[in-house]
Amino acid sequence: MPAISSKKPYRIGRSSTGLGLFATKPIKKGTKIVRYFGPLLDCKKKKDDAVENKYLFELNNRWTIDGSVRENVARYINHACKPNAESDVRPRKRKVFIRAIKNIEPGEEISYDYGTDYFKAYLKPIGCKCAACEKKRKKKRAEARAERLRLKAKAERKSLRKAEKQAAKAEEQHGLNGAKPNGKHLNGQGGKSVVSQIIAAKSGIFAKPKVKQGREDSASA
């Protein structure tokens, strides 16, 4: 396994979660990047067992590393669900190294998986902010936005069809009320004559045509 270079291939810098550790040189897969270290805590001692912070690294059921000391640069390495490094734990030697599990390019943030217990205790309640989880959230937000737009467009189409049906119905009703058989309105005098003729035809009774007064007088003369 490649050893850690005498010239540190990393630097502390700003990350999406606060501070993080970033590669300053290419780091090959399998390289030991940095050691995670700090005072050893004996869980069998009440005083040690009472220590509580987010930088505790459990080696086994008894020994835990308190990595909260400022000299422990490895504490700046953030969690990632899809990391580019991992913790190489050596309980017998009571040591932990952070090792690259893929090639890391300069400028890339170094990350490793903190484990299920840490994730549930510290990250899940506030939401994991690693790149993989942020990508999932962006995808979900995009899908939710697309769904809202789809439903809005569907509602607009439905409203448009309803308006078109109402307009067509209104136009049809207007046409029935204002139709002009034989060039005259149904509700006019011509319409009344046509209706009368239809009723007379069904009943067999036909009205006699009226004769003007002038013609009657001339006939009698």
Side-chain angles (χ1 to χ4, degrees), residues 12-23 27 29 52-55 75-87 98 100-207:
I12 299 171
R14 284 289 172 185
S15 173
S16 59
T17 57
L19 292 176
L21 204 66
F22 295 81
I27 301 175
K29 178 180 178 180
E52 184 67 34
N53 63 65
K54 61 181 181 179
Y55 298 109
R75 71 179 183 149
Y76 293 105
I77 301 177
N78 289 311
H79 163 85
C81 295
K82 292 183 179 181
N84 52 21
E86 66 180 0
S87 56
I98 306 303
I101 57 175
K102 59 178 67 174
N103 293 332
I104 303 175
E105 299 299 324
E108 188 177 351
E109 184 175 3
I110 301 167
S111 60
Y112 69 95
D113 191 341
Y114 284 5
T116 304
D117 294 339
Y118 188 98
F119 185 90
K120 289 181 178 179
Y122 296 100
L123 300 177
K124 189 175 181 180
I126 61 174
C128 180
K129 296 180 181 180
C130 75
C133 290
E134 184 60 28
K135 185 177 181 180
K136 288 181 181 178
R137 281 192 290 271
K138 285 183 179 179
K139 183 179 179 181
K140 287 183 179 180
R141 288 196 294 267
E143 289 175 347
R145 185 165 55 251
E147 179 65 12
R148 289 194 299 269
L149 291 174
R150 187 187 69 82
L151 292 176
K152 182 180 178 181
K154 182 179 179 181
E156 289 176 349
R157 289 195 300 270
K158 184 177 180 181
S159 178
L160 180 61
R161 287 195 298 268
K162 184 177 180 180
E164 289 175 346
K165 286 182 179 180
Q166 290 177 345
K169 186 176 181 180
E171 186 177 353
E172 181 182 356
Q173 187 67 28
H174 181 269
L176 289 175
N177 291 336
K180 297 180 179 180
N182 297 327
K184 295 182 179 180
H185 290 283
L186 286 175
N187 56 358
Q189 183 62 33
K192 183 177 180 181
S193 176
V194 172
V195 172
S196 300
Q197 291 177 14
I198 294 173
I199 294 173
K202 288 184 177 181
S203 60
I205 300 173
F206 293 92

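Values in this document were obtained by computation on a predicted structure and should not be read as measured data.
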Does any part of the side chain of [Y], heavy atoms only, come nearer than 4.5 Å to the side chain of [X], both counted from C-beta?
{"X": "Asp113", "Y": "His79", "answer": "yes"}
{"X": "Lys165", "Y": "Lys169", "answer": "no"}
{"X": "Ile12", "Y": "Leu21", "answer": "yes"}

Might you point out which heavy atoms bring [X] and [Y] nearest each other, and give the distance in Å?
{"X": "Gly20", "Y": "Ser15", "answer": "N-CB, 3.9 Å"}
{"X": "Ala121", "Y": "Pro125", "answer": "O-CG, 3.8 Å"}
{"X": "Cys130", "Y": "Ala80", "answer": "CB-CA, 3.7 Å"}
{"X": "Glu109", "Y": "Asn84", "answer": "O-ND2, 2.9 Å"}
{"X": "Gly107", "Y": "Phe22", "answer": "O-CD2, 3.5 Å"}
{"X": "Ile98", "Y": "Ala85", "answer": "CG2-CB, 3.9 Å"}

Does atom [atom1] of [X] have more than 12 heavy-atom neighbours, drawn from other residues, nucleotides or ligands, at distances under 6.0 Å?
{"X": "Arg14", "atom1": "CZ", "result": "no"}
{"X": "Glu147", "atom1": "CD", "result": "yes"}
{"X": "Glu143", "atom1": "CD", "result": "yes"}

| query | Going by the angle between their ring planes, with limits at 30° and 60°, are Tyr114 and Tyr118 parallel, tilted or perpendicular? | reply | perpendicular

Rounded to the nearest 0.5 Å, what's the gap from [atom1] on [X] to [atom2] on [Y]? Could you check?
{"X": "Ile104", "Y": "Lys102", "atom1": "CD1", "atom2": "NZ", "value": "8.5 Å"}
{"X": "Asn53", "Y": "Arg75", "atom1": "CG", "atom2": "CZ", "value": "9.5 Å"}
{"X": "Thr17", "Y": "Tyr76", "atom1": "OG1", "atom2": "OH", "value": "12.5 Å"}

| message | Please check: side-chain N/O of Asn78 versus main-chain N/O of Ser111, any donor-acceptor pairing under 3.5 Å? | response | no

| query | So Glu164 and Arg161, salt bridge (Lys or Arg N to Asp or Glu O under 4.0 Å) or not? Walk me through it. | reply | CA-CA 5 Å; Glu164 289 175 346; Arg161 287 195 298 268; over 6 Å; no

